[in-house]
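Attaching a single structure in structure tokens format; questions to follow.
A quick note: this is a predicted structure, and the numbers were derived from the prediction, not measured.
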Amino acid sequence: MLKFSRGIDHQDRAATAGGLQQIAFARGAAAAAQPSRLPTLVATAATVAVLYFARDVFLPLAIAILLTFALAPLVSRLRRVGCPRSVAVIGTVTTAFLFLSAFGVVIAMQVSEVAQNLPTYQYNIVEKVRTLKETGSESQILERIGRVIERISTEISRPEPEMRASPEPAPEAKPLLVEIFSPQRPVETLKNIINPLLGPLATTGLVIVVVIFMLFEREELRDRFIRLVGYGDLHRTTEALQDAGARVGRYLLMQLVVNITYGIPLAIGLSLLGIPNAVLWGMLAIVLRFVPYIGPVIAAALPLFLAFAAAPGWSLLVWTAALFIVLELLSNNVVEPWLYGSRTGLSPLAIIVAAIFWAWLWGPVGLVLSTPLTVCLVVLGRHVPQFEFLEILLGNEPVLDPKERLYQRLLAGDPDEATDNAEDMLEEKYLVEFYDTVAIPALLLAERDRARGALTNAQAAQIAQSANTLIANLEEIAGEEEGEEETGAEAQESDGDDDADEYDLPPGDGKSVLCVGGRSDLDDVTASMLAQTLWIQGADAAHAGHEVLKAGNIKALKLEGRNAVVLSVLDRDFMRHAKFTVRRLKRMAPAARVGIVLWQEDGRPGTTERDQLIESLQADFMVFGMGDAVREALSDELPRSLKLAHPKIAPGYAMRRSKRADRESTVKAD
């Protein structure tokens, strides 16, 4: 029961003050207990420095770890079919590196062939450049630029005139430098050939050995890692390892499949068009597409240049460009959405920044490894609280709830972006659900900030104005949903096995409802949302601001013919005065059902408490969400009669009244 006495009011104020003091104390304690991020940042900077200066050590280890992630599922499948561990590991690693070696040999042979054929393309390149120069614009821009460059080079190469005041002696003759060439010995020649190959071969051998040992001791390494970093929380550490392995393994496998489905048709298409060394360009496309964004551009640039140089005309270049465009569209819009059952979890901007960072750190190899390594960092930030900032900076998951994002857009005075976000969400949910689960909770956040003094009146007015603009922008979607109501009702009647939908609302044909804001501009916005939802259901719905509830304005309300009057309230404190407002409205419209919507996202009162509130307020209904508000506003129930309170007569009042009547009669007689 709500008490409206002054004593209770003072108690509530004292309780509120005590609660605010407890909240302030709790916030201060939380701020004091919050750990500093400085040690984490220092550790991150030190790690980056170690990775940079010791890249010769860590780069092979990173390659080996990623190959282990990629080959571990194959080894596990072979183990499940009964293959011994040694055979499964050695066979998988040998097959993988033989394939990579054959791949590299084919690329080397194709590159050598292209280098030998380049002089034959010189004539075509010169002729096309001359054609471009001749077909320039009328102003002959290319010719003029060439003349200017030629004149500048002539001036630069012209010797300066010598100004001699007196004859100078002839310069002394300098000795000539003579270089003696001697034939190299066979051992030296062999050394010059082998030395450049020692580094790559040693790195490859080291990677092979590390991959084999990691696959042999995968479970042992996992246990040691858990004991080292996460022994106190086995569940979280195990989940992090499984998440990292699954994400990286699926990414590498799916990216390889996508690249193969791109490279093979590319090689076939280039071969049919007559591009030399089509196999090389298809294989390079498979490798280069592992590099995000930059790789596909490089893979397309080389064949396009060859198409420009190989044929005298322009048709080959046009057909080659068309082939790349068609393959990119098919790969990005058909193959990748079909094959990518799991995503990397990185935002597009994070992929670009990660590519730049790892390329600076480890060169071209780091560019290829940038996405898998960054995926590992995001997984680390997801499961380790100290590195949570990595997931926030690099991840693609929204860091704000939909209600928080909408509140931020309304607070910033940007209803257009708020409308765009709302339209994206309305592709999957109805408007009533959006209002009930996103928009109303966003306004509740604003009301809480206003109640604790963090939101000024001007900011509250701006939020209300932006929210009203949002409602107006969504009016077209509301009209579309109004036309869908009949079809949706028929579809739901035909599907009787499903549970009743929470937002299965009754039709409002022939009903007239007035929605009134309780005590602030934010309440007026909720009344507008409720009125728009009732209008979608077919009711004659209107809304009014909270100013009409003042003593001098309430009589101007037009309540004739209304079936229901709904007070829309965000602030619980309004309930102290709601009883008098409900009485006035029921006196003015005795045939209408008068109710209250106290918007609450959580912490809603139970049925018994709600019934007590209804009885004390003498309202016809009291609800806490959009669905219940629409159902009660469109209900066919009759309004409850108003119980008038009988005033208590003070002692001696009757005697004083009789004496007053006697005096009045005496005065009249005289």
Side-chain angles (χ1 to χ4, degrees), residues 345-353 388-389 391-482 515 517-533 535-536 541 543-547 568-571 597 599-602 625-626:
L346 303 178
S347 65
L349 180 61
I351 293 176
I352 297 176
V353 174
E388 185 180 3
F389 68 95
E391 184 188 12
I392 296 175
L393 293 177
L394 304 175
N396 63 345
E397 297 294 334
V399 296
L400 295 178
D401 292 336
K403 61 180 180 180
E404 296 173 341
R405 184 185 303 175
L406 178 59
Y407 175 41
Q408 192 274 332
R409 290 295 88 201
L410 297 178
L411 185 60
D414 192 354
D416 295 333
E417 186 174 346
T419 303
D420 294 338
N421 294 334
E423 290 177 349
D424 292 339
M425 285 183 281
L426 288 173
E427 293 179 358
E428 301 178 357
K429 59 179 64 176
Y430 284 104
L431 187 62
V432 58
E433 186 179 359
F434 168 74
Y435 281 156
D436 194 31
T437 59
V438 179
I440 299 296
L443 295 176
L444 282 171
L445 293 177
E447 176 61 30
R448 291 168 188 166
D449 287 345
R450 186 201 61 80
R452 65 186 181 90
L455 194 69
T456 63
N457 294 332
Q459 290 174 327
Q462 183 178 5
I463 291 174
Q465 182 179 0
S466 300
N468 286 324
T469 304
L470 171 64
I471 296 172
N473 293 338
L474 297 179
E475 187 173 357
E476 182 178 355
I477 297 178
E480 294 175 358
E481 291 189 5
E482 183 185 15
C515 305
R519 61 183 302 177
S520 67
D521 294 337
L522 299 178
D523 293 341
D524 298 345
V525 175
T526 60
S528 300
M529 293 179 180
L530 178 58
Q532 192 177 73
T533 306
W535 176 70
I536 293 175
H543 62 89
H546 66 284
E547 297 290 339
S568 183
V569 184
L570 291 168
D571 188 7
V597 184
W599 302 104
Q600 295 293 319
E601 186 180 8
D602 49 12
M626 182 67 74

Atom pair OG1/CE of Thr533 and Met626 - distance to nearest 0.5 Å: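 So the gap between those two atoms works out to 4.0 Å.
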Ala418 to Leu406 - nearest heavy-atom pair and separation: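 Minimum heavy-atom contact is CB-CD1, 3.7 Å.
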Which atom of Pro415 lies closest to which atom of Ser466, heavy atoms considered: CB-O, 3.7 Å
Partners meeting salt bridge (charged side-chain N to carboxylate O under 4.0 Å, His left out) with Glu433 (sequence neighbours left out):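 Applying salt bridge (charged side-chain N to carboxylate O under 4.0 Å, His left out) to Glu433 gives none.
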Results of side chain to side chain contact (heavy atoms under 4.5 Å, CB included) for Gln459 - residues two or more places apart only: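 Only Leu411, Leu455, Thr456 meet the side chain to side chain contact (heavy atoms under 4.5 Å, CB included) criterion with Gln459.
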Where Ala467 and Leu410 come nearest, the two heavy atoms and their spacing: N-CD2, 3.8 Å
Side chain proximity check, Ile471 to Tyr435, heavy atoms < 4.5 angstrom: yes
Any Leu426 side-chain heavy atom under 4.5 Å of Leu474 side chain: yes
Over 12 non-hydrogen atoms of neighbours within 6.0 angstrom of CG in Asn457: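 Atom CG in Asn457 is not crowded, with 12 or fewer foreign heavy atoms closer than 6.0 Å.
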Which atom of Ala541 lies closest to which atom of Ala531, heavy atoms considered: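 Closest pair (atom of Ala541, atom of Ala531, distance): CB-O, 3.3 Å.
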For Asp521, all residues meeting side chain to side chain donor-acceptor pair (under 3.5 Å), sequence neighbours excluded: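 Result, side chain to side chain donor-acceptor pair (under 3.5 Å) vs Asp521: none returned.
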Stepwise side-chain hydrogen bond (donor to acceptor under 3.5 Å, both in side chains) test for His546 and Asp523: CA-CA 7 Å; His546 66 284; Asp523 293 341; over 6 Å; no
Separation of Leu431 CG from Met425 CE (nearest 0.5 Å): 11.0 Å
Derivation and outcome, side chain to side chain contact (heavy atoms under 4.5 Å, CB included), residues Val569 and Val597: CA-CA 6 Å; Val569 184; Val597 184; over 6 Å; no
Partners passing side chain to side chain donor-acceptor pair (under 3.5 Å) against Thr419 (at least two apart in sequence or in another chain):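 Residues passing side chain to side chain donor-acceptor pair (under 3.5 Å) with Thr419: Asn473.
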Glu547: partners by side chain to side chain donor-acceptor pair (under 3.5 Å), with sequence neighbours left out: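 Result, side chain to side chain donor-acceptor pair (under 3.5 Å) vs Glu547: Lys550.
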With sequence neighbours excluded, residues passing side chain to side chain contact (heavy atoms under 4.5 Å, CB included) with Ile352: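 Ile352 satisfies side chain to side chain contact (heavy atoms under 4.5 Å, CB included) with Tyr293, Ile356 once adjacent residues are dropped.
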N/O donor to acceptor pairs below 3.5 angstrom from side-chain atoms of residues 438-447, sequence neighbours left out:
{"unit_1": "Glu447", "atom_1": "OE1", "unit_2": "Arg450", "atom_2": "NE", "d": "3.2"}
{"unit_1": "Glu447", "atom_1": "OE2", "unit_2": "Arg450", "atom_2": "NE", "d": "3.2"}
{"unit_1": "Glu447", "atom_1": "OE2", "unit_2": "Arg450", "atom_2": "NH2", "d": "2.4"}

Close side-chain approach of Ile463 and Tyr407, heavy atoms under 4.5 Å: yes
Closest approach of Ser568 to Trp599 (non-hydrogen atoms, all atoms of both residues):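 Of all heavy-atom pairs spanning Ser568 and Trp599, the closest is OG-NE1, 2.6 Å.
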Residue pairs fulfilling salt bridge (charged side-chain N to carboxylate O under 4.0 Å, His left out) with at least one residue in residues 414-423, sequence neighbours excluded: Arg409-Asp414, Arg409-Glu417
Contacts of type salt bridge (charged side-chain N to carboxylate O under 4.0 Å, His left out), residue Arg519, not counting sequence neighbours: Asp571
Non-neighbouring partners of Ser528 that pass side chain to side chain donor-acceptor pair (under 3.5 Å), sequence neighbours left out: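 Expected list: His543.
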Closest approach of Ala527 to Gly517 (non-hydrogen atoms, all atoms of both residues):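 Minimum heavy-atom contact is CB-N, 3.8 Å.
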Separation between CD1 of Ile536 and CD of Glu475, rounded to the nearest 0.5 Å: 10.0 Å
Any donor-acceptor N/O pair, Gln532 side chain to Met529 backbone, under 3.5 Å: no
